[in-house]
Amino acid sequence: LITKTDTNPFFVKMKEGAEAKAAELGITLKSFAGRVDGDHETQVAAIETCIADGASGILLTASDTSAIVQSVQQARDAGLLVIALDTPLNPIDAADATFATDNFLAGELIGKWAAGKLGADAANAKIALLNLGISQPTVDVLRNQGFLQGFGIDLADPNKWGDETDPRIVGHDVTAGNEEGGREAMENLLVKDPMINVVHTINEPSAAGAYEALKSFGRENDVLIVSVDGGCPGIANVRDGVIGATSQQYPLQMAALGVEAIKAWADTGVKPEPTPGKDFFDTGVSLVTDEPVDGVESIDTTEGEALCWG
Amino acid sequence: MSNQTEAETDLVARAETIASFEHQHTLLSRIQHALHSNPALVPLIVLVASVLVFGALLGTKFFSSFAMTLILQQVAIVGIVGAAQSLVILTAGIDLSVGAIMVLSSVIMGQFTFRLGLPPAVAVACGLAIGTLIGFINGWLIARIKLPPFIVTLGMWQIALASNFLYSGNETIRAQDIEANAPLLQFFGQSFSFGGAVFTYGVIFFILLVLALAYVLRHTAWGRHVYAVGDDPEAAELSGVNTRRILISVYALSGLICAFAGWVLIGRIGSVSPTSGQSANIESITAVVIGGISLFGGRGSILGMFFGALIVGVFSLGLRLLGADAQWTYLLIGALIIGAVAVDQWIRKVSA
Amino acid sequence: MSNQTEAETDLVARAETIASFEHQHTLLSRIQHALHSNPALVPLIVLVASVLVFGALLGTKFFSSFAMTLILQQVAIVGIVGAAQSLVILTAGIDLSVGAIMVLSSVIMGQFTFRLGLPPAVAVACGLAIGTLIGFINGWLIARIKLPPFIVTLGMWQIALASNFLYSGNETIRAQDIEANAPLLQFFGQSFSFGGAVFTYGVIFFILLVLALAYVLRHTAWGRHVYAVGDDPEAAELSGVNTRRILISVYALSGLICAFAGWVLIGRIGSVSPTSGQSANIESITAVVIGGISLFGGRGSILGMFFGALIVGVFSLGLRLLGADAQWTYLLIGALIIGAVAVDQWIRKVSA
Amino acid sequence: MEPILSARNLNKRYGRVTALDNCDFDLMPGEILAVIGDNGAGKSSLIKALSGAIKVDSGDIFLDGQAVNFSSPIDARNAGVETVYQTLAMSPALSIADNMFMGREIRKSGFMGKVMRQLDRPAMERIARQKLSDLGLMTIQNINQAVETLSGGQRQGVAVARAAAFGSKVIILDEPTAALGVKESRRVLDLILDVRARDIPIILISHNMPHVFEVADRIHVHRLGRRLCVIDPKDYTMSDAVAFMTGAKAAPGAVASAA
Amino acid sequence: MEPILSARNLNKRYGRVTALDNCDFDLMPGEILAVIGDNGAGKSSLIKALSGAIKVDSGDIFLDGQAVNFSSPIDARNAGVETVYQTLAMSPALSIADNMFMGREIRKSGFMGKVMRQLDRPAMERIARQKLSDLGLMTIQNINQAVETLSGGQRQGVAVARAAAFGSKVIILDEPTAALGVKESRRVLDLILDVRARDIPIILISHNMPHVFEVADRIHVHRLGRRLCVIDPKDYTMSDAVAFMTGAKAAPGAVASAA
Ligand SMILES: Nc1ncnc2c1ncn2[C@@H]1O[C@H](COP(=O)(O)OP(=O)(O)OP(=O)(O)O)[C@@H](O)[C@H]1O
Ligand SMILES: Nc1ncnc2c1ncn2[C@@H]1O[C@H](COP(=O)(O)OP(=O)(O)OP(=O)(O)O)[C@@H](O)[C@H]1O
Ligand SMILES: [Mg+2]
Ligand SMILES: [Mg+2]
């Protein structure tokens, strides 16, 4: 199992899910991770290690979805099954299979929810977008652009954020995906325009940081924060009203499915099939909120808590 | 070059001269001399200039007591860590582990309260103790085993960061839980305001810390010894300074200050998060160097670091308000780091 | 302390003595002296020891020519960047921008080919030229404006990285496209093997580069001047070294080598990815310091850096194969960085 | 009479170089003992060993008849042995006053001194200025000047002033007049005689034979890392001494006893 | 006769300190000119200005009658002016041979030298050893020893040997015998006379009056940053010279013309 980092709870849970499943199936699992998000070379080294180690398959969440392809090919040539988890490779068929959240869809859900929640005010909303990092990793772009699409904003180039011209966007800032960055980015954008009322955050920790900033500005009650992930602290934050809505994804399931698929490959040589209609196996995403909006399917926090990870 | 290290108290140079050749006292030469003998003055001027420029460009949005104190809040953590870093760099060392110590301490404060169920005050004390201990180990390895500071703290950085992730299990403790069960952890997040200015206790702590360290460095034997060790350790040893004890105490104190930074961090972000502070080492070094403290030790003042940290804060916020996007801001801050130091160097050359 | 810098060629110390007091030549004292006068020997021993330990623990899985050459491939890029870093550190500088220069150069090679449609050879030349230019600017700021290297390269790091993201538009150029249209970009990725050993051209380049630099540093006037500038720049200047020219040429060469590293990087990962190389600066500094080059300049050998890079590679692969969790790997590498330098220090003390 | 400071069989090697080779040493109470010898004979190494600045490989050192084992110059200083090293041992960026009081700063009295540990700068500056005037170093323009801005000779003057001000048992001077002018050298020699008048013995390393023969009570001739002989300046001429130390003439058979 | 090296109205200030104050200077062909003066009088500053090591605030320097503007010691060296600075200017971690040939390394002939630019170490080591033996520095044990392992006196010897070996027009020595033993000092003085015999003029800064009066043709007395007077050692005694430079006696009215 090779993840982007092993410091993000999402990947930690993914690892735990894989470990549990591996123990159940009697498989040996070794885990590798990059140092920081975007740390591509360490992932390449990890793939090489797996080949040297004689592994039968690799579960991979790629930091650079295009760049990793050559190494993946090397592994497949060496007879390993490579399954992309969470993040599809580019091109998607570079891996034998992909078990992923549809991150664009995840963004779209919270975008729609936010638009629905504001109703008519959506036309003159003031939006802050708190992203991951200036290197614009794919998930970051997909969630950001999905959100804007869902909210009804023209995307310009859907492969990058920051090129939109819609006046409702106050600005983009980067958070490194943690509370500290979330707070500072939110403060910066609030000084720029104190009337911000919609905040998209890349993940729940940055949402928590953004909330602290709003609190210090005394605006925590009249701003909608939306996020993606569905970790247990995040769901609890939705319940407490810190976050308005979040798109929940299922890393445990991704990992478990991945481990099963590799087991099947090792035992019988059968490769997993993608979800019909998509070119990857969608592990699903659901919107979690206690204030459902018409036209957007959602589950409440009780249900979300039952499904949350970490 | 005179009084390189004597900046803190007397911002106007003294005219104490035993015997002196006659020479002209023009206004310019006085300014030059003042700049020259007070290393903290240059970053102060850069700071004031940049505030004025951004104020002119942005008007009251930037030039308000609210925005000004917001910058203080944003730089408080880097600044506190920068104070620790300043001490270390004055001894001609470097501490790459500051950020890791900070996060590990904050995680310990949180987890000891919530996982072990210790009273918050005890958990905070444990966090501070562990920060100090790590600093002490750094100092011991550097002073006794004579390993290079860069390498020791590079290793310790990785060790502390990995321990942090392993111990916390990457779990965040939520702000709401802390508020309900252990408000002491968020102590430094409390604030008071007058006018539009908002001061958190963390900011107050930062300012008091800088003033206290400035006093200690300038007016106590320990402080003079820190400079002497950084200047020429062999000479300091021969002239009667216990260099080992000084080095160990500096690193241990640095660890303690970083642990305090961890506590302040909880106040700022509300929650306890193991992923914070990963670039605190580079940012604190940036503040120190922009503040005019020499990386070769023995020269500079902690007030300079204070202004250095504020310069970075002013630029970050100012550029974002001017509408530069994140990548451009990043680029411009790079250029401005170089620019600020170039101005500093230029002023020093004029007055040399 | 004698011959600190004279490690490259004569690994056995010479017995050239004009007049000498009689003293005993025990075997131990000979070993000590050899270790002492050849700074590259200590990292070599640590390297061999660690290979043996991992070999014993992991058996043929590790101890195969495939795994051994795999390590070479994995460290080649850090090693090439480390060679650039070594030059800079020998002049008592530091280059934090190495990784950023590397990535920016590789992006330029890729984008000039695919976006501007230049012939790959021209694009590669442009990439190398731009790397050299950035290095030259670093050197110019450091040597002429006399700014501290840490600050200049810190700023340049941010500038180059941000330019890289801005220019590339965060786009990766896919391996398949490069293979089809501009195989020259992947030149260093080609490999040949004999036995199980696989050598990429990148690895060959790395080894040749280290040997060439070792020769230049040891056997040319320029090389001796690099040491002299790092040792005591003022003395070097007074005794007739053009310190400015040396500094500028060192940083420009460092930029060029980093640009080559960018080219090798394309070969290694197949594609052109703007997100690579973000920790190359810290990793290259780690290799340099484990290799025994003093961060204060003027002491150490580039062969030491070579072994230092390999030590890190051996530990990373070995620990991964042992199945250590990534955080444990970082923790252990942190401990081993300190350990390796402590051993080094201990040997030096014994023989002092 | 017992020697106040003595050493037996000191050995010190640097790699292949033998700096001290079974060296003996004796300093009698109240005397000025000059140590002369060729460049590289090991004089500086000897006094570094005596003052705790280097650790010898083997050998014993006795102060007042007691075996001592100084592990650092601070130990030696606390025992009353004050040294001016050939390299001067000053912190270039710090002021003259800071350097003179390094390691024995004066604190303010009362609350500020006891609790806040504040230094008494005015007192330190006053004393420092006083000591320098005693040595006639009036060309120093400002007591708060950084040491790096002083000329070579001025630095030497400050170092000597520091040792003379604080030494209580033994004062060791490694070439104190090497960089000094005629007038300053004269003052240093007077100071040496003053210090002896206070009954504090002095070890003086110098290449300047007229100075040595003017002030020394006994002369320790050092050669090839060991004591060759000890002579009385009244019994020998300068050229004899030079001949002994360069090996041009055989040394007087037995080590001369104290005067 | 035209002076070979001269200066007019040099000024140099460091912050509040005036190191050179409208200073004039003249060196005649083939002579040994001693420069004497109190500590801090500005002698080192003067010769640093003459050799391009510092930039003066104002004033002109002439070599062979031509105005020159050395921007670095390399310029001065290329013009044939070789200097031994008081701080010696050596790279501590490099070997004696490397230091002696710093900036003027000898390259191998043929392919290795022309294309590969390989240094001719054996030649450099041979010449370095030769020069040191000429100065009698036989106590140096190994020509590849790092300079930092040498004693203070040994370093000084190496620096003087370097200047004597390469100077072609003017050689400047800032206190070359300060740390040297009697024998070595003697050798340096002989060397100075040798060099003059090769018709190369020398500037010698020294506090050692016997040495100055032994070798100098003329004596430049420096005081408070300027030339006080130039005297002929045959016309005055040592105590006269000391009295002039310390201000105890008024200087002879006019600047003495060249001998
Ligand atoms: N740190 C060191 N490392 C190696 N060798 C050293 C070191 N210090 C001194 N030496 C060697 O030890 C010998 C004695 O040196 P020392 O400085 O004691 O001589 P000295 O008698 O004081 O000479 P001088 O009169 O020139 O100062 C010399 O050969 C010197 O090269
Ligand atoms: N870099 C510097 N910065 C500030 N002041 C300096 C500097 N260099 C020299 N000075 C001052 O200039 C004056 C002249 O110094 P210089 O070294 O020329 O004297 P000198 O005649 O060579 O003395 P000595 O005989 O002691 O070597 C001194 O007062 C000194 O303090
Ligand atoms: Mg000596
Ligand atoms: Mg001088």
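First the proteins, then the strands, lettered A, B, ... as listed; each starts at 1.
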- Based on non-hydrogen pairs under 4.5 Å, which of E/Arg117, E/Arg107, E/Lys48, E/Glu105 is most in contact with chain C? E/Glu105
- So which heavy atom on E/Ala93 is nearest to which on C/Gly298, and how close? CB-O, 4.0 Å
- Query: Say you draw a straight line from CZ of E/Arg77 to CG of C/Leu238; how long is it, rounded to the nearest 0.5 Å?
  - Reply: 10.0 Å
- Heavy-atom check, side chain of E/Ser72 versus side chain of C/Arg244, under 4.5 Å: no
- Item | Side chains of E/Met90 and C/Ser239 in contact at under 4.5 Å (non-hydrogen atoms) | no
- Heavy-atom contact with chain C under 4.5 Å, split by part of E/Met102: both
- Task: Could you tell me the separation between the CD atom of E/Glu148 and the CZ atom of C/Arg299, rounded to the nearest 0.5 Å?
- Result: 4.0 Å
- Task: Counting only heavy atoms closer than 4.5 Å, note whether C/Glu234 contacts chain E via side chain, backbone, both or neither.
- Result: neither
- Query: When you measure from the side chain of C/His225 to the backbone N and O of E/Gly103, does any donor-acceptor pair fall under 3.5 Å?
  - Reply: yes
- Query: Just wondering, are more than 12 heavy atoms of other shown residues or ligands nearer than 6.0 Å to CZ in E/Arg186?
  - Reply: yes
- Message: Working to the nearest 0.5 angstrom, can you tell me the gap between C/Asp232 CG and E/Leu94 CG?
- Response: 10.5 Å
- Are any non-hydrogen side-chain atoms of E/Arg121 and C/Arg218 less than 4.5 angstrom apart? yes
